[in-house]
Q: 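Structure provided below as C-alpha cells; questions to follow.
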Amino acid sequence: MQIAELSVLLVWAAATALTIALVAFAIDLGRRTEARAEAHAASMTPAAVGAGGGSTPAPSTTLDAVPPAAPRRRTAGIAMSTTWLGTALLLAAIVLRGLAAGRTPWANMYEFTMVGTFMALAVFLVLNLRRDARFLGAFVTGLSVLFLVLGLNVFYIAATGVQPALQNYWLVIHVGVAISATGIFTVAFVTSVLQLLRDSRDSGAPYLQRPGFRWLDRLPTTASLEGLSFRLNAVAFVLWTFTIIGGAIWAEHAWGRYWGWDPKEVWSFVVWVVYAAYLHARTTRGWDGRRAAWFVVVGYACVLFNFTGVNLVFNGKHSYSGLTTGS
Amino acid sequence: MSDETTYRPEGIRDAFTEGGTPDAAGAKGPAHGGKGSGPGGPALPSLGWRGTLRWTWRQLTSMRVALMLLMLLAVAAVPGSVLPQRGQDPAAVLEYLGDHPAAGEWLDRLGFFDVYSSVWFSAIYLLLFVSLVGCIVPRTIAHAKALRNRPPRTPARFGRFPATASATTSASPDDVVDAAAAHLRGPLRTLPLFRVDVGGEEPRRGRPATRTVAAERGYLRETGNLLFHLALLGLLISVALGQLLHYRGQAIVTEGRGFANAVVDYDTFESGAWFSPTSLVPFSMTLDAFDSEFASDTVAFAQARDFTAHVTVTEPEGAQHTETIKVNEPLNVDGSKIYLQGNGFAPDITVEDSEGQVAFSGRVPFLPEDQMYTSRGVVKVPDVSPGQDQIGMIGYFLPTAVVEEDGSARSVFPQPNNPLMVLEVYTGDLGLDEGVPQNVYELDTASLDPAVEDDGSTMKVLVRPGETVELPDGLGTVSLADDVPRYVALDLRHDPSLAFVLTFSLLALGGLAVSLFTPRRRVWVRTWSEPAGDDGRTVTRVELAGLARGDDAGLQREVDRTLAAVPGVPTEAPADGPHGAAGGAPDSSTTVRSTTVTED
Ligand code: HEM
C-alpha cells in the first residue's frame, strides 16, 4: 500500500476514534447531570435567595476549583483515552502525508483541515493536563469529526509537491502558525458558545429550560468560561497577528508587495479586527460578558469563512486549495 | 489612591484602576470615578461650547467609540473582497461595469471599486487613529508618572477581594512581613518582581497594631499595551510614507538582452507623489538565461516546480556580478528589489514582404494562457514596401505541439520539446500611424481582412523553428529562428519604508504579547498578634488579599505562594478550599484558608 493511502486510512481511523470519544463525552455530560441534579438543586436555592442583593457571589464552580468530581466518570475516562488515540492517529496521518508529498503537510485545504483539527484536539488535551476541561470534549471532538469527514469528502486531493510560490520556509512558519491559531480559536469558540448557552439558561431563556439542557448547569460559571475563552483567544490573537505579519513578509518576497488587499488578506484583516474588537469589548463597560462572547462567535465565523469561502469563492492569489486549476 | 496618575478612557471597565478595591470594580452605573460623565447620559445643555468640544473629544477617545470604529472597519473591509477592485484587477472592474451598468455606476460613484482608498474607508481608519492618539497620549503620560508610583496602600478590609488567604503562625509579625516582602521582591535585587512597600498601622477600633505589606507587579503590562497602540500608529505612518515615496516598474526582458533602471526603460512605471526620478540608481541588468522545471508525474502533471532567471547586474560604477532571481527570492540591487513575476516564450520572427524586403524582424513575447504554456502573441507588420497592405498576425505558440487529425493543434507540455507556431494572417490598415497608443498584445481585427481558405474558414499558417513558410495570398514569407528565446517579466520595486513597516509590526506584536501575557497583580499582607487563648500566649494572624488586572487564573496561586513563604505556615495550601465557607478549624495551631470568589 502507498504511504499516501495509509495516511487517508489513518484519518478515517482517527475520525472513528473521535466519534467514539464524542459519544462517550456526551454520555458523561448527561450522566453528570442526572447524578448531580439533586445536589445542584439544593445548592442553587440559597444562592438564588442571596442573589437578591446583587452583590453576593453565588457559590460557583470555577475552572481552577472544580468541586469533587462525581464518582462515576468512567465514561469520561474512556472518552479522554479515545481522544488521545484519535489525536495520535491523526498525527501519524499528517506525518505520513508529509512523507508521501515530500514536503510540509500543510499546503492545501485538505491538509489544513487535518492539521487544524489536530491543533484543536491538541489544545483541548493540553488544557486537560492542567485543569478539568472535559466538558468541552463532546463539542471539540464533534467539530473535529465534522471537519475530518468534510476534509476527506470535499477537500481531498492527492499528495504532491507545490508550485514555486509555495516553496518556502514561510510556508512552514506562516501557514503553520495560522493553523495553530485556528485550532485555538476553535476551542475558544466552543467555550464562548457554552458561555452564551449557560448564560441564557441562567437568565431563564424558555427554550433552554427544557430538561435536555440540564447539562448546562454542570458547566463552570459563565465568568470562568469567559475567562478561559479569553485566555485561549489571547494566545490565538497573538499567533494570528504573527500570521499576518509573516504573511506580509512572505508576500513581499513572493509577490513584490507586502499587502495588496487580496481576498485572503482582506479576510485575515477582518478576522484580526474582529478579535481586536473582542479584546476591546471585554474591557468596555456594557460590552463585556455576553456581548463580547458574540464577538468570538462572529470572529470564528470569519475564521471559517477565511478558510473555506475565500479559497473557494474568490479568485485571489491565495487560491491554493488545489481544487481549481489555476495557472 | 494613585488616581491622578491613571488615565482611563471613557467607558473602560477596569476594576484595577477604578480605585483598587473590588467594591468599586465593575461599577455598572455612574458611580464610575472618571471626570467625564457616566454612560447614563451626558448633561449636554449646561456644557457651553468649550464643554461640548471637550465632551465630544472625550467621546471620540472613549472605549465605546473605538469599539464602534473597529467594528465599522471590519464591516467596511468586506466589500473589497466581494467586488472587483481597480487596484487588484482593473479588467474585472470593467467587466463588472459592463455586466451591471446601472448598479455598477452607483457602486463606482460610491467608491466600491476602490474600497481601500475610498473616502468612507479612509474616514473610518483615520477617525480610529485620531481616537487612538487621543487615548494613547494621556495614557502614556499617566503611565510614565505611574512608573514611579508606590503600590497602593493596604485596604482596610480584605473580604471582598477576588483572591484571599489567611493563616496563623508562631512567627512574629515582623518576621512575617520581612518574609513576605522578600518573597514578593523575588531573588533579583535590581529587578524586583513586585514593587513592595512595608508599613504598619496604629491600633484602631479594637484591632491591635498591625504590620502590612503592599506589593504590585506588572507595570510592563500597560507599557506593552501602550507600545502596541503606538506601534500601530507608527505602522500607519510608515505605510503612508511608503505610498508617497515608492516606485515600481515592470519590464519584459528576453534572454541575452537587458534593461537599465530608468523610467523610460520600463514597459510600465508607477510611483508615489513624493517620488523623484533621481532616486533611481542607474544600474543595468542582462538576462543571461532562464530555466524552468515542471512536474512530469501523473498526479501534478505539468505543474510548475521551479523558475530561475540568471542575470548579470552592472552597477553604476561599472562593477558586474551574476545573480539569480527566483519566484520567492527577489534580487536586491541598491535598495531596490527585482521580482520574477512571469515568464514565457518570445519567438524570433522575421517577415519578408512580397518584394523580399524584411518588413519585420524581432522577438515577440507570447503570453501564456494555460498550464501548458499555450501562448498568444501578436505580430504587427506596418513597414511593408510602399503600396502594399500592412500585415497583422495573431498567433499561438505551442511549446510541445500535437497536431490532431482535423488539423487543430494544442500544447501538451510547457517545455519547448516540439515547438510550433500557428498564425492567422490579416491585411489592411493597422491604424498605427494615427498616433493613438495601442496595446502591443492585441490586434484589432475589425477593420482588417483575414486570409481565408477556399471554404471561407480562417487560414492557419504553421511554422516550426528554423522554417520559412509562405504567407497566403502571396503576401511574402514568415520565418522562425532556430532558438526560441525565453522572456521574463520583471517587477522592480523600491519602497524606502519597508524597514519601518517591519519594525513597527514587530513592536506591535511584542507589545501585544507583553500586554496580554504579563499578569498585573497587587498583593497585600496584614499581620498582627492576638491572644491565642486564656493563658496569655499570643499567635500571629496573617491575612492576604490579591487583585489582578483582567482575568488572571494565577492570582490565587500567587497569594497562596506568598502565604507559603511566611515562616511557620505549612507550604501546601489547599488548592480548592471550601466555597464561601466561614467555619474553619480554629483549634489547630496553624490554619490556612484560601478562597476564590468569582465575580459575576
Ligand atoms: C487602530 C485601532 C485599535 C486597535 C487595532 C486596537 C487593538 C487593541 C487590542 C488588540 C487590545 C488588546 C491587547 C492589549 O491589551 O494590548 C487593545 C487594548 C486596549 N485598547 Fe486598543 N486598539 C485600537 C484603538 C484603541 C483606541 C482608539 C483606544 C482608546 C479609546 C484604545 C484603548 C485600549 C485600551 C484601554 C486597551 C486595554 C484594555 C485592557 O484593559 O486590557 N484602543 N486594543
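Convention: sequence-line order gives letters A, B, ...; per-chain numbering from 1. Note that the structure is a prediction, hence the values are computed from the model and not measured.
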Q: Let me know if B:Leu498 has heavy atoms under 4.5 Å from chain A in its side chain, its backbone, both or neither.
A: side chain
Q: Sequence neighbours excluded, which residues qualify as salt bridge (charged side-chain N to carboxylate O under 4.0 Å, His left out) partners of B:Asp291?
A: none
Q: Please look at B:Val75 and chain A and tell me whether the side chain, the backbone, both or neither of the residue comes under 4.5 angstrom of a heavy atom of that chain.
A: neither
Q: Measure distances from A:Trp259 to the heavy atoms of chain B and classify the residue's part below 4.5 Å as side chain, backbone, both or neither.
A: neither
Q: Can you tell me if A:Thr221 and A:Arg198 form a side-chain donor-acceptor pair at under 3.5 Å?
A: no
Q: Quick one: what part of A:Glu252 sits under 4.5 Å from any heavy atom of chain B, side chain, backbone, both or neither?
A: both
Q: Do B:Phe228 and B:Val514 have side-chain heavy atoms sitting under 4.5 Å apart?
A: no
Q: Could you look at A:Trp170 and say if it's the side chain, the backbone, both or neither that has a heavy atom under 4.5 Å from chain B?
A: neither
Q: For A:Glu111, enumerate each residue passing the salt bridge (charged side-chain N to carboxylate O under 4.0 Å, His left out) test, keeping only those at least two apart in sequence or located in another chain.
A: A:Arg97, A:Arg103
Q: Any non-hydrogen side-chain atom of A:Asp262 less than 4.5 Å from a side-chain atom of B:Gln88?
A: no
Q: So, B:Arg493 and B:Asp495, do they make that salt bridge, N to O below 4.0 Å?
A: yes
Q: Could you have a look at A:Thr222, A:Val238, A:Val270 and say which one has the most heavy-atom pairs with chain B under 4.5 angstrom?
A: A:Val238
Q: Are any of the side-chain heavy atoms of A:Leu228 and A:Leu127 separated by less than 4.5 Å?
A: yes
Q: Select one option (side chain, backbone, both, neither) describing which atoms of A:Trp287 are under 4.5 Å from chain B's heavy atoms.
A: side chain
Q: Counting N and O atoms only, with roles assigned by atom type, does the side chain of B:Thr503 sit under 3.5 Å from a partner on the main chain of B:Ala499, one being a donor and the other an acceptor?
A: yes
Q: Answer with side chain, backbone, both or neither: which region of A:Tyr278 has an atom nearer than 4.5 Å to a non-hydrogen atom of chain B?
A: neither
Q: Using non-hydrogen atoms and a limit below 4.5 Å, what part of residues 297-304 of chain A faces chain B?
A: none
Q: Quick one: what part of A:Phe242 sits under 4.5 Å from any heavy atom of chain B, side chain, backbone, both or neither?
A: both
Q: I'd like to check the salt bridge (charged side-chain N to carboxylate O under 4.0 Å, His left out) partners of B:Arg221; sequence neighbours left out, ordered by chain and number.
A: none
Q: For A:Glu265 and A:Tyr258, test the side chains for any donor-to-acceptor distance below 3.5 angstrom and give the result as yes or no.
A: no
Q: Go through the atoms of B:Asp89 and report whether side chain, backbone, both or neither lie under 4.5 Å from a heavy atom of chain A.
A: neither
Q: If I measure from the heavy atoms of chain A, does B:Ala295 come under 4.5 Å with its side chain, its backbone, both, or neither?
A: neither
Q: Please classify the contact of B:Val239 with chain A as side chain, backbone, both or neither, using a heavy-atom distance under 4.5 Å.
A: both
Q: Counting only heavy atoms closer than 4.5 Å, note whether B:Gln85 contacts chain A via side chain, backbone, both or neither.
A: neither
Q: Please classify the contact of B:Leu340 with chain A as side chain, backbone, both or neither, using a heavy-atom distance under 4.5 Å.
A: neither
Q: So A:Trp272 and A:Thr243, do their side chains get closer than 4.5 Å, heavy atoms only?
A: no
Q: Less than 4.5 Å apart, any side-chain heavy atom of B:Met63 and any of A:Arg285?
A: no
Q: Is chain B contacted by the side chain of A:Ile244, its backbone, both, or neither, given a heavy-atom distance below 4.5 Å?
A: neither
Q: For the residue pair B:Ser238 and B:Phe504, establish whether any side-chain heavy-atom pair is separated by less than 4.5 Å.
A: yes
Q: If I measure from the heavy atoms of chain A, does B:Tyr373 come under 4.5 Å with its side chain, its backbone, both, or neither?
A: neither
Q: Output the distance between atom CD1 (A:Ile249) and atom CG (B:Leu506), rounded to the nearest 0.5 Å.
A: 6.0 Å
